[in-house]
Q: 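Mind having a look at this structure? Questions to follow.
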Amino acid sequence: MRPMLSRLRRVNYVNLAVYIVLILISYQFMYPLLRMVSFALMSRDDVINPVVNWVPSSLSFGNFQTAWAVLDPRTTMWNSIWFSGLLAVSQTLVSATTGYALARFEFPFKKFWFFMIIISFIIPTPVILIPRTLMAFAVQDTSGIQMFGTIWPQTAMALGGQGVFSAILILIFYNFTKMIPAALDEAAAIDGASAMQTFYHVILKLSVTTLLVVFLFSFVWNWNETFVTSTFLGRGLDLIPGQLGRFSSLFDRFASMGGSGGAQEGGMEALRLTEAYRMSGTLIAITPLLVLYLVVQRQFIKGIENTGLTGL
């Protein structure tokens, strides 16, 4: 009896240690979001009151009203949705076909190209941005097609398998396609199906959840991507992440025009007010992503399990 009790105590201590570690790790992820929500829901008096740190004395949505007026998301939000959706659809289609080809076909230098896909993920984006920019200049000079300030460079990169983290998306499809028995492809070939027919009727119809996972990853990554977007798109299309990056200048212009919420206080008080407005704007900017995840949460988790990349 005593050995059993000591074993149970040991198990309980282990479980307790695991829970403590998980709580500490989750706190690191939750702290920014909790801090953001706390600041965004504070009234003006709570924000400039150094005594109020986490819990506001009264809930207020005035910060959201000011942030909404500064960001003007009625236009920028829609621009971000359709632009990120266009790139996500392009990356999903290319990643699906590339992953299928790597998993099912043998062709010259296959291992080399597979290695190059992995290398494309390892190399930092600023390093490869210079040759991409030169290529865009060359296309613009030779064809006369305006490249900078338009959506064409990033769309072309997405269709060419060089979008944001396309290597990871290709590996997800490659891994999932390898999990599908090759006997299904052979059965389809016996029935007279071509490679593309097999891809559509067998692979794609079995990988609906994987398609959803790849699309969501691509959508979120393209939504949050600002470095490449600012280089090629610039101010050709106002997106809400770009507006958020220019929040300080936009807020100063808004306040100088007599907008409500302008900080008449100086020093630390003005900084805290501006930060509260910025955090409210951040919550507005990520709202579509939160809604999208809540709608497809079950399918997303199921797709993650099916891909075998639970540690991603």
Q: What distance do Met157 atom CE and Met135 atom CE have between them, rounded to the nearest 0.5 Å?
A: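 One finds 9.5 Å between CE of Met157 and CE of Met135.
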
Q: Can you measure from CZ (Phe165) to CD (Glu225) and round to the nearest 0.5 angstrom?
A: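 Phe165 atom CZ to Glu225 atom CD measures 8.5 Å (nearest 0.5 Å).
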
Q: Apply side-chain contact (heavy atoms from CB on, under 4.5 Å) to residues Ser218 and Leu169 and explain how you reach the verdict.
A: CA-CA 8 Å; Ser218 178; Leu169 306 181; 3.9 Å; yes

Q: Linking I/L/V/M/F/W/Y whenever their side-chain heavy atoms sit closer than 4.5 Å, directly or via other members, would Val89 and Val214 fall into one cluster?
A: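 Cluster IDs for Val89 and Val214 match.
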
Q: Give the table of side-chain donor-acceptor pairs shorter than 3.5 Å for residues 234-244, with sequence neighbours excluded, one pair per line with atom names and distance.
A:
residue	atom	partner	partner atom	Å
Arg235	NE	Asp238	OD1	3.2
Arg235	NH2	Asp238	OD1	3.4
Gln243	OE1	Arg246	NH2	2.7
Gln243	NE2	Leu71	O	3.4

Q: Tell me whether Tyr293 is reachable from Met36 by hopping between hydrophobic residues (I, L, V, M, F, W, Y) whose side-chain heavy atoms are closer than 4.5 Å.
A: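 Yes; Tyr293 is reachable from Met36 via cluster members.
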
Q: Taking all heavy atoms of Pro131 and all of Val127, pick out the closest pair and write down the distance.
A: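 For Pro131 and Val127, the tightest heavy-atom pair comes out as CD-O, 3.4 Å.
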
Q: If every non-hydrogen atom of Trp223 is compared with every non-hydrogen atom of Ala285, which pair is closest and at what distance?
A: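 Looking at all heavy atoms of both residues, the shortest contact is CZ2-O, 3.2 Å.
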
Q: Linking I/L/V/M/F/W/Y whenever any side-chain heavy atoms sit under 4.5 Å apart, do Leu159 and Ile170 land together?
A: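 No, it is not one cluster - the side chains of Leu159 and Ile170 are not joined through contacts under 4.5 Å.
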
Q: Show me, pair by pair, the donor-acceptor contacts under 3.5 angstrom made by side chains of residues 96-106, not counting sequence neighbours?
A:
residue	atom	partner	partner atom	Å
Thr97	OG1	Leu93	O	3.1
Thr97	OG1	Val94	O	2.9
Thr98	OG1	Val94	O	2.7
Tyr100	OH	Ala195	O	3.3
Arg104	NE	Asp185	OD2	2.7
Arg104	NH1	Thr177	O	3.2
Arg104	NH2	Thr177	O	3.4
Arg104	NH2	Ile180	O	2.7
Glu106	OE2	Lys110	NZ	3.4

Q: Any donor-acceptor pair under 3.5 Å linking the side chain of Ser120 with the backbone of Ile117?
A: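 Between the backbone of Ile117 and the side chain of Ser120 there is a qualifying donor-acceptor contact (under 3.5 Å).
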
Q: Is it true that a side-chain atom of Thr198 and a backbone atom of Ser194 form a donor plus acceptor pair closer than 3.5 Å?
A: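 The answer is yes, because a donor-acceptor pair under 3.5 Å joins these two groups.
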
Q: Can you check whether Phe39 reaches Ser280 side chain to side chain, under 4.5 Å on heavy atoms?
A: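 A side-chain contact is absent here, since even the closest heavy-atom pair is not under 4.5 Å.
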
Q: Under a 4.5 Å side-chain heavy-atom rule over Ile, Leu, Val, Met, Phe, Trp and Tyr, are Ile286 and Val37 clustered together?
A: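 Yes, one cluster joins them.
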
Q: Connecting only ILVMFWY residues whose side-chain heavy atoms lie within less than 4.5 Å of each other, what is the rest of Phe29's hydrophobic cluster?
A: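 The other cluster members (ILVMFWY side chains, heavy atoms under 4.5 Å, direct or chained) are Val21, Ile25.
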
Q: Answer yes if the side chains of Asn63 and Thr66 hold a donor-acceptor pair under 3.5 Å, and no otherwise.
A: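 Distance-only check fails for Asn63 and Thr66.
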
Q: Starting from the C-alpha separation in whole Å, work towards a yes-or-no answer on side-chain contact (heavy atoms from CB on, under 4.5 Å) for Leu171 and Phe114.
A: CA-CA 9 Å; Leu171 292 177; Phe114 193 84; 3.6 Å; yes

Q: Can you confirm whether Lys205 is buried at NZ, in the sense that more than 12 heavy atoms of other residues, nucleotides or ligands lie under 6.0 Å from that atom?
A: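 More than 12 heavy atoms, drawn from other residues, nucleotides or ligands, come within 6.0 Å of this atom.
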
Q: Heavy atoms, side chains only, cut-off 4.5 Å: are Phe173 and Leu211 in contact?
A: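 Side chain of Phe173 against side chain of Leu211, heavy atoms only: contact under 4.5 Å found.
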
Q: From Ser166 OG over to Phe217 CZ, what is the distance, rounded to the nearest 0.5 angstrom?
A: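 Rounded to the nearest 0.5 Å, the OG-CZ separation comes to 13.5 Å.
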
Q: Tell me, do Leu24 and Gln28 make a side-chain contact under 4.5 Å, heavy atoms counted?
A: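 Side-chain contact under 4.5 Å: no.
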
Q: Write down the atom of Tyr200, the atom of Leu204, and the distance for their closest heavy-atom approach.
A: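 For Tyr200 versus Leu204, the nearest heavy atoms are O-CB, 3.5 Å.
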
Q: Minimum heavy-atom separation for Arg35 to Met279, with atom names?
A: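 Heavy-atom minimum between the residues: O-SD, 3.9 Å.
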
Q: To the nearest 0.5 Å, how far apart are CG in Asp191 and NE2 in His201?
A: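 Those atoms lie 11.5 Å apart.
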
Q: Please tell me whether Tyr277 and Phe64 form a close aromatic pair, meaning their ring centres lie under 6.0 Å apart.
A: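 Tyr277 vs Phe64: aromatic centres not under 6.0 Å.
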
Q: Would you say the side chain of Phe199 lies within less than 4.5 Å of the side chain of Val202, judging by non-hydrogen atoms?
A: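 Answer no - side chains too far apart.
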
Q: For Leu134, is the CG atom crowded, meaning more than 12 foreign heavy atoms sit under 6.0 Å from it?
A: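 Counting neighbours around CG of Leu134, more than 12 heavy atoms of other residues, nucleotides or ligands fall under 6.0 Å, so yes.
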
Q: Within a strict 4.5 Å, meaning less than it, do heavy atoms of the Thr133 and Phe232 side chains meet?
A: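 Thr133 vs Phe232: side chains touch.
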
Q: Can a donor-acceptor pair be found between the side chains of Gln91 and Ser95 at a distance below 3.5 Å?
A: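 No, no side-chain donor-acceptor pair sits under 3.5 Å.
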
Q: Fit a plane to each ring of Trp54 and Tyr31, take the angle between them on a 0 to 90° scale, and name the class: parallel (under 30°), tilted (30 to 60°) or perpendicular (over 60°).
A: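 Ring orientation of Trp54 relative to Tyr31: perpendicular.
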
Q: Check Pro56 against Met42 and note the closest heavy-atom contact, atom names and distance.
A: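 What the structure gives for the nearest pair is CB-CG, 3.8 Å.
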
Q: For Ala158 and Ser90, which heavy atoms make the closest approach, and how far apart are they?
A: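 Taking every non-hydrogen atom into account, CB-CB, 3.9 Å.
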
Q: Would you call Leu233 and Thr150 a side-chain contact if the rule is heavy atoms closer than 4.5 Å?
A: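 Heavy-atom side-chain distance check fails, nothing below 4.5 Å.
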
Q: Does the Ser26 side chain pair with the main chain of Ile23, one donor and one acceptor, at a distance under 3.5 Å?
A: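 Here the side-chain-to-backbone pair exists.
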
Q: I need the Ile128 CD1 to Thr125 OG1 distance, nearest 0.5 Å.
A: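 Going from CD1 on Ile128 over to OG1 on Thr125, the span is 5.5 Å.
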
Q: Is any side-chain N of the basic residue among Asp46 and Arg44 closer than 4.0 Å to the acidic one's carboxylate O?
A: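 Here Asp46 does not pair with Arg44 in a salt bridge, since their nearest N and O are not under 4.0 Å apart.
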
Q: Determine, using the 4.5 Å side-chain heavy-atom cutoff (strictly less than), whether Leu184 and Met196 are members of one ILVMFWY cluster.
A: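 Same cluster.
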
Q: Test Val228 against Val164 for side-chain contact (heavy atoms from CB on, under 4.5 Å), laying out the working first.
A: CA-CA 9 Å; Val228 176; Val164 182; 6.0 Å; no

Q: Can Gln154 and Asn222 be counted as having a side-chain donor-acceptor contact under 3.5 angstrom?
A: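 Result is no, nothing qualifies.
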
Q: If you measure from CE on Met147 to CG on Asp141, what distance do you get to the nearest 0.5 Å?
A: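 Rounded to the nearest 0.5 Å, the CE-CG separation comes out at 11.0 Å.
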
Q: Hey, do the aromatic rings of Trp221 and Phe227 have their centres closer than 6.0 Å?
A: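 Distance test on ring centres: not under 6.0 Å, no.
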
Q: Using a 4.5 Å cut-off on heavy atoms from C-beta on, say whether the side chain of Asn49 contacts that of Asp45.
A: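 Result no, sub-4.5 Å side-chain heavy-atom pair not found.
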
Q: Any heavy-atom pair between the side chains of Trp68 and Pro73 that's under 4.5 Å?
A: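 Contact flag for Pro73/Trp68 side chains = yes.
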
